[in-house]
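Accompanying notes for the structure given below.
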Amino acid sequence: GLHAPPPINQRVKMNQCVHGMIYLAVLVAFAACDAPPVPLDDIVFEKTFVPEQCVRAVKVGDYVRYHYNGMFPDGKKFDSSYDRSSTYNVYVGKKQLIEGMDRALVGMCVNERRLVKIPPQLAYGKEGYGDVIPSDAILHFDVLLLDVWNPDDGVQMKTYYTPENCSRKVEVSDYVRYHYNGTLLDGTLFDSSHTRMRTYDTYVGIGWLIAGMDQGLLGMCVGEKRIITMPPSLGYGSNGDGSDIPQQASLVFDVVLLDLHNPKDGVSIINQDIPQHCHRKSVAGDFIRYHYNGSLLDGTFFDSSYSRNRTYDTYVGKGYVIGGMDEGLIGVCIGEKRRIIIPPHLGYGEEGTGTKIPGSAVLVFDIHIIDFHNPSDTVVITTNYKPEVCETLAKKGDFVKYHYNASLMDGSFIDSTYNYGKTYNIVLGANQVVPGMEEGLKEMCVGERRHLVIPPHLGYGERGVDGEVPASAVLIFDIEMIEMEAGLPDGYMFIWNEDVSADLFTEMDADKDLQVLASEFSDYILRQVNEGKGRLAPGFDAYRIIENMFSNQDRNGDGKITEDEFKLKADETTHDEL
């Protein structure tokens, strides 16, 4: 190229500038002199563009990449790097350039532009350069500096954002996910993960990256933003990458670290709130209801049970959830809040979910345990108060009246009879309440108070009660027995309190037409009850009982009972009436 130095015998000693300043060959920077008369005694340059920031100025021994247009004083071009679509790359101050250019480059900043005028004695002298440069030619160069580095340079790191919390920093063999913008030293963008809308995911320090990036990522925190600048020896070297990165180019990466883990990592658990009283901790095989917020390690939200206004319900320790969650949900208390940090090999792996969770992502779940139970659980009954006299105990068939307060395990209110100012009334054993309540009311006496914990398979099951009781919810009932009426023997809906009349059919047949109509039957039974001679099962509709009793006696279904159809309970085993 036309920057090669002339033979040694053509070099002459510098003369004084028009202002009388002596310029030495080792001077780092030059002040532009006023336009001198021809012939020039020394180089003269004009800074036609100066960048706002000059992080680094060229020194002797540096390696530079620059573009130039070479012209004679009349403006005629004799050479240009632009025409070759390639920068001129060379060491400064090592006699690889004509002396004038060697001096003109010293002190330049990246992206600075200079118009340099070089006298012949600092260019090609009397010999010129072939047919291109004539003898004693003054040369003008329009120079744009694009890159500068030194063989002694290492990786330079400048952190411009540090997160408040940094519990862990990148180490050798860690796997990281990060975004970056890659530029040359002059700001030319050559690559960006942002444009691909996908992080760059890789191991650090084991040779999967260029050496400068391997070094530059070490010590970063998740959320940290850092500028990593590296010389070509730690980047793509003397060959570049063959496309966007030229030969011998310094590289600048603007990096934000989004994720960090090591293949040896297990699940990390941070307890945030543990209830004072924890009567039981979850074990494998339990069924758990919990709320969660799910995010990536950099805080990016990806899912929440709260947004659906419904807990996530699952068995733990049985593989129904990702491995890290299966592990993180063991040993929790009801009401506990904890943070579960799950490495990708215990989460969604290298593939992610394809939408919200990227591949190889660390997951962070902030969970709140609402309740849990085991399919083998029974009703837990705690007696809070029992009267001194407690002899008559509730049994199957008894008609009981009780008050209750109902809630979920996390304290969420469900219902209360006190709000209605009346008791809840049922017949024990008649399937009028959930099985767990049946169990909890047995053998209570009037005035007794109990605390019941009812698992969902003895409560409202997997469906719950729409708008009131969530699916698979454990129920809490605080109950108080108010009244109790003894029921009838098992299988009976009506009994006689005294001996049965020997002429029962005749007594029922009020109009003596040898048949009993439904009205006659009903009137007779109600009269016996009112007179205390008979008793209907408490807690049921009396007319419905009597109707069923009549239907059972009306064997041919003609709406009347004949003497041949009429039988007492004692005479048969298939009916629950007389």
Practice item. Test Met325 against every option in Tyr290, Tyr292, Tyr312 by the side-chain contact (heavy atoms from CB on, under 4.5 Å) rule and name the one that passes. Key: Tyr290

**Study point:** Results of salt bridge (Lys or Arg N to Asp or Glu O under 4.0 Å) for Asp186 - residues two or more places apart only
**Key:** none

Check your understanding: Does any N or O in the side chain of Arg450 come within less than 3.5 Å of the main-chain N or O of Gly440, such that one atom is a donor and the other an acceptor?
Key -> yes

Check your understanding: Which residues pass the side chain to side chain contact (heavy atoms under 4.5 Å, CB included) test with Asp286, sequence neighbours left out?
Key -> Arg280, Ser282, Val283, Val316, Phe372, Asn374

**Study point:** Exam field: side chain Ser192 to backbone His194, donor-acceptor pair closer than 3.5 Å
**Key:** yes

Point to revise | Spatial distance of atom CG (Leu428) from atom CD (Glu438) [nearest 0.5 Å] | key: 5.5 Å

Exercise for review: Could you list all the ring-ring contact (aromatic ring centres under 6.0 Å, His included) pairs where at least one residue sits in residues 255-281, not counting sequence neighbours?
Suggested key: Tyr175-His261

Practice item. Please indicate whether Gln432 has more than 12 foreign heavy atoms, meaning atoms of other residues, nucleotides or ligands, lying under 6.0 Å from its CD. Key: yes

Review point. Stepwise, does the side-chain contact (heavy atoms from CB on, under 4.5 Å) test hold for Ile342 with Val362?
Key: CA-CA 6 Å; Ile342 302 174; Val362 177; over 6 Å; no

Exercise for review: Check the pair Leu251, Leu184 against side-chain contact (heavy atoms from CB on, under 4.5 Å), reporting the backbone distance first and the verdict last.
Suggested key: CA-CA 5 Å; Leu251 304 179; Leu184 304 179; 4.0 Å; yes

Point to revise | Polar side-chain atom of Ser551 near backbone of Glu547 as donor-acceptor pair, under 3.5 Å | key: yes

Review point. Residues in side chain to side chain donor-acceptor pair (under 3.5 Å) with Tyr420, at least two apart?
Key: Asp415

Review point. Will you find, in the side chains of Glu224 and Thr159, an N or O donor that is under 3.5 Å from an N or O acceptor?
Key: yes

Review point. What orientation do Tyr200 and Tyr178 show, parallel under 30°, tilted 30 to 60°, or perpendicular over 60°?
Key: tilted

Review point. Within the distance-only criterion (no hydrogens, no angle test), does the side chain of Glu439 pair as donor or acceptor with the backbone N or O of Gly436 below 3.5 angstrom?
Key: no

Exercise for review: Apply side chain to side chain donor-acceptor pair (under 3.5 Å) to the pair Ser304 and Asn293, showing each step before the final yes or no.
Suggested key: CA-CA 4 Å; Ser304 174; Asn293 285 319; 2.6 Å; yes

Review point. Taking atom CD of Glu443 as the centre, does the number of heavy atoms from other residues, nucleotides or ligands within less than 6.0 Å exceed 12?
Key: no

Exercise for review: May I ask you to decide whether Asp191 forms a salt bridge with Arg196, counting only side-chain N to carboxylate O separations under 4.0 Å?
Suggested key: yes

Point to revise | Heavy atoms from other residues, nucleotides or ligands near CG of Asp466 exceed 12 (cutoff 6.0 Å) | key: no

Check your understanding: Where the side chain of Arg338 meets the backbone of Leu329, is there a donor-acceptor pair that is under 3.5 Å apart?
Key -> no

Exercise for review: Using a cut-off of 6.0 Å, state whether more than 12 heavy atoms not belonging to Arg544 lie near its atom CZ.
Suggested key: no

Practice item. Verify the neighbour count for atom CZ of Phe301: are there more than 12 heavy atoms of other residues, nucleotides or ligands below 6.0 Å? Key: yes

Study note, to complete from the structure: Applied to residues 335-356, the ring-ring contact (aromatic ring centres under 6.0 Å, His included) test, sequence neighbours excluded, yields none

Review point. Partners of Asn419 by side chain to side chain contact (heavy atoms under 4.5 Å, CB included), sequence neighbours excluded?
Key: Phe413, Ser416

Point to revise | Working for side-chain contact (heavy atoms from CB on, under 4.5 Å), residues Glu483 and Thr423 | key: CA-CA 9 Å; Glu483 290 183 30; Thr423 57; over 6 Å; no

Review point. Are side-chain heavy atoms of Ser295 and Thr300 found at a separation under 4.5 Å?
Key: no

Review point. Is the centre of the Tyr236 ring less than 6.0 Å from the centre of the Phe190 ring?
Key: no

Practice item. Measure up the His403 and Tyr418 rings against each other and bin them: parallel (under 30°), tilted (30 to 60°), perpendicular (over 60°). Key: parallel

Practice item. Apply salt bridge (Lys or Arg N to Asp or Glu O under 4.0 Å) to Asp174 and Lys264, showing your working. Key: CA-CA 9 Å; Asp174 282 344; Lys264 297 179 181 179; over 6 Å; no

Practice item. For Thr311 and His291, test the side chains for any donor-to-acceptor distance below 3.5 angstrom and give the result as yes or no. Key: no

Practice item. Give the intermediate values and the outcome of salt bridge (Lys or Arg N to Asp or Glu O under 4.0 Å) for residues Lys169 and Glu171. Key: CA-CA 6 Å; Lys169 295 183 178 182; Glu171 298 178 3; over 6 Å; no

Exercise for review: Before accepting this row, confirm whether a basic side-chain N of the pair Asp398/Lys442 lies closer than 4.0 Å to the acidic partner's carboxylate O.
Suggested key: no

Review point. Which pairs pass side-chain hydrogen bond (donor to acceptor under 3.5 Å, both in side chains) with one or both residues in residues 358-369, sequence neighbours excluded?
Key: Gln272-Asp366, Arg339-Asp366

Review point. Ser238: what forms a side chain to side chain donor-acceptor pair (under 3.5 Å) with it, not counting sequence neighbours?
Key: none

Review point. How about Phe365 and Phe302: are their ring centres within less than 6.0 Å of each other?
Key: yes

**Study point:** Neighbour count above 12 (heavy atom, 6.0 Å) for Asn556 CG
**Key:** yes

Practice item. Using a cut-off of 6.0 Å, state whether more than 12 heavy atoms not belonging to Phe399 lie near its atom CZ. Key: yes

Check your understanding: Would you say the side-chain atoms of Trp496 pair up with the backbone N or O of Arg535, donor to acceptor, closer than 3.5 Å?
Key -> no

Exercise for review: Give the intermediate values and the outcome of side chain to side chain donor-acceptor pair (under 3.5 Å) for residues Asp478 and His451.
Suggested key: CA-CA 5 Å; Asp478 288 300; His451 179 80; 2.7 Å; yes

**Study point:** Gap between atom CZ of Phe521 and atom CG of Leu526 - 0.5 Å precision
**Key:** 10.0 Å

Review point. What residues form a side chain to side chain contact (heavy atoms under 4.5 Å, CB included) with Arg310, not counting sequence neighbours?
Key: Ala471

Point to revise | Stepwise side-chain contact (heavy atoms from CB on, under 4.5 Å) check, Val204 with Leu218 | key: CA-CA 8 Å; Val204 178; Leu218 292 175; 3.8 Å; yes

Exercise for review: Only pairs at least two apart or in different chains count here, so list each side-chain hydrogen bond (donor to acceptor under 3.5 Å, both in side chains) that has a residue in residues 318-334.
Suggested key: none

Revision key, fill the gap. Salt bridge (Lys or Arg N to Asp or Glu O under 4.0 Å) pairs touching residues 232-259, sequence neighbours excluded, are Arg177-Asp259

Practice item. First locate atom CZ of Arg289, then atom CD1 of Ile370, and finally report the distance between them rounded to the nearest 0.5 Å. Key: 6.5 Å

Exercise for review: With sequence neighbours left out, write down each residue that passes side chain to side chain contact (heavy atoms under 4.5 Å, CB included) with Gln156, or none if nothing qualifies.
Suggested key: Arg56, Thr229

Check your understanding: Given side chains that start at C-beta, do those of Asn262 and Arg168 come closer than 4.5 Å, heavy atoms only?
Key -> yes

**Study point:** Intermediate values then yes/no, side chain to side chain donor-acceptor pair (under 3.5 Å), Tyr402 and Asn425
**Key:** CA-CA 7 Å; Tyr402 62 97; Asn425 310 328; over 6 Å; no

